[in-house]
Q: 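This is the structure, below, for whatever I ask next.
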2 protein chains.
Amino acid sequence: MRVSKNPEDRKTEILNAAEMLFTAKGYSETTVNDILREVGIAKGTFYYYFQSKEEVMDAIVQRFIDKGVEAAKAIAADPSLKATEKLFQIIMGQRPDADGQKEQMIEELHQVNNPEMHQKSLVETILQLTPVLTEVIEQGIREGVFQTPYPKETVEFLLVSSQFLLDEGIFQWEPQEQIQKVLALTHIIETTLGAERGSFAYILGMYNNEKEGKSDE
Amino acid sequence: MRVSKNPEDRKTEILNAAEMLFTAKGYSETTVNDILREVGIAKGTFYYYFQSKEEVMDAIVQRFIDKGVEAAKAIAADPSLKATEKLFQIIMGQRPDADGQKEQMIEELHQVNNPEMHQKSLVETILQLTPVLTEVIEQGIREGVFQTPYPKETVEFLLVSSQFLLDEGIFQWEPQEQIQKVLALTHIIETTLGAERGSFAYILGMYNNEKEGKSDE
DNA sequence: GTCTATAAGCGGATAGAC
DNA sequence: GTCTATCCGCTTATAGAC
């Protein structure tokens, strides 16, 4: 039986099935045949829509990143937040009151055992987040709380180091080391941006409380 | 005809052949059969020594990193160099008077089209370089030229950002952007380490001269 | 323990018929 | 657009020689 569908729908169908399988079993453990079975199509159809299994992964990553960048843009556009708060929230990937569903997806995708997908996702995120954050820094410079001759490059350096160094899939730090690194990063953010010492200290307190479980329950 | 060899020699033989082929044709374009033909062994022998083609890749990367770390240790141990010089040379991967053969190997390995190998190599390098550089920083602190409450973490931060951000295989920057990033990194090194502004300026001059071709020829 | 030879399985990718 | 058939490369298995 041959069923023709709207190309976009078919593509989305494949992506959804693949995403489910990739997150459940991992990328390399998922075969193209698995995807075919799940969607109910033949191999030729799959390769009509995607050039390779990897291209499917790329599309999923892209879909996923778009959501994260949107969240960051929302934070950046929030007029009630100070530049320091925006910065810290975006860099730490903290979205205090965003809907919780996305967070789960991030968790899952991070744990997918696939260095390649992982790296691509980090790189794309950094590239897309850079202009957003640079704008925040320049806002901070105008407000007089930040000061640096290299706003864009500093953002890139901070993003790269926080995304890669604090990523649990790339480096495996002990919980204690992780805390130490967040402390250090806070200090480094302050110094590289020429912010007043302690600008991020109170935000850091919030971050730690969330991570270590609430003490007031 | 059967030839028995010292296991270590055999292993090295396979690694050498594989490294040559990987750098010549790329990892995925090199088949296990290619390696067998080159070394002159049977398939069973290959899989007797290595569990997979990827394991061969890992071993090559490891061999390669060990050399780089040795070079860094040599720089760190050189009593004629100041802490600032040691730091900059190691972070920029500059070995001014080391034998030039290694540099070529770096180029080649960087171009092998394999993100996973690449990432592993960077992570390993960072992990092994951290203690070496941390010692240099602490030397600098004792000498009074550096000042930071987080020497180790700052080293990690600088290594991660320089290794990943300046890596041509991960981000593809225009030459001009690349230069801008090196300038910014220099500034960031100075501020994060609490060094005097301009401490690295003269070293930076050396770096640029080398990269852009000599003007006095 | 080291090595050869061969065959077969599996998964990604392609060609070409419908 | 969709399918079936097929290829190619990594990997495993087997059986046996030195």
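Throughout, a chain's letter reflects where its sequence line sits, starting with A, and its residues are numbered from 1.
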Q: Could you tell me the separation between the CD atom of B/Glu8 and the P atom of C/dG1, rounded to a whole number of Å?
A: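 Result: 15 Å.
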
Q: Could you give the CD-to-C1' distance, from A/Gln51 to C/dT14, as a whole number of Å?
A: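 A/Gln51 atom CD is separated from C/dT14 atom C1' by 12 Å.
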
Q: Between B/Thr45 and C/dT4, does any side-chain N or O lie under 4.0 Å from OP1 or OP2?
A: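 Checking C/dT4 against B/Thr45, a side-chain N or O does come within under 4.0 Å of OP1 or OP2.
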
Q: Would you find more than 12 non-hydrogen atoms of other residues, nucleotides or ligands less than 6.0 Å from A/Glu55 atom CD?
A: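 Enclosed.
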
Q: Please report the shortest heavy-atom distance between B/Thr23 and B/Met20, naming the atom on each side.
A: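 Taking every non-hydrogen atom into account, OG1-O, 3.0 Å.
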
Q: Distance criterion of 3.5 Å, no angle test: do you see the side chain of A/Lys43 paired donor-to-acceptor with the base of C/dG12?
A: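 It does, because a donor-acceptor pair links the side chain of A/Lys43 to the base of C/dG12 below 3.5 Å.
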
Q: C/dT4, C/dC3, D/dT11: which one has an atom nearest the side-chain heavy atoms of B/Val32?
A: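 Within the option list, the nearest is D/dT11.
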
Q: Rounded to whole angstroms, how far apart are OH on B/Tyr47 and P on C/dA7?
A: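 Distance check: B/Tyr47 OH to C/dA7 P gives 18 Å.
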
Q: Which whole-number value in Å describes the distance from A/Leu36 CG to D/dT2 P?
A: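 About 13 Å, once rounded to whole Å.
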
Q: Provide the closest heavy-atom pair for A/Ala184 versus B/Glu153 in the form atom of the first, atom of the second, distance.
A: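 Minimum heavy-atom contact is CB-CB, 3.3 Å.
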
Q: Could you tell me how far apart A/Tyr49 (OH) and C/dT14 (P) are, to the nearest whole angstrom?
A: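 From A/Tyr49 OH to C/dT14 P: 18 Å.
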
Q: Would you mind telling me which residue lines up with the more 5' stretch of DNA chain C, A/Gly44 or A/Thr30, judged by nearest nucleotide?
A: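 It is A/Thr30, whose closest nucleotide lies nearer the 5' terminus.
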
Q: Whole-Å distance between D/dC18 P and B/Ile41 CD1?
A: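 Rounded to whole Å, this separation is 19 Å.
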
Q: Rounded to the nearest 0.5 Å, what separation is found between the CD atom of B/Gln178 and the CH2 atom of B/Trp173?
A: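 Output value for this atom pair is 9.0 Å.
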
Q: From the list D/dC10, D/dT2, C/dG12, which nucleotide is the closest neighbour of the side chain of A/Lys53?
A: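 The closest nucleotide is C/dG12.
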
Q: Take the protein atom CD1 of A/Ile35 and the nucleotide atom C1' of C/dG11, then report the distance between them rounded to whole Å.
A: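 It works out to 12 Å between those atoms.
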
Q: Could you state the atom-to-atom distance from CD of B/Glu29 to P of D/dC10 in whole Å?
A: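 Checked: the CD to P distance equals 10 Å.
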
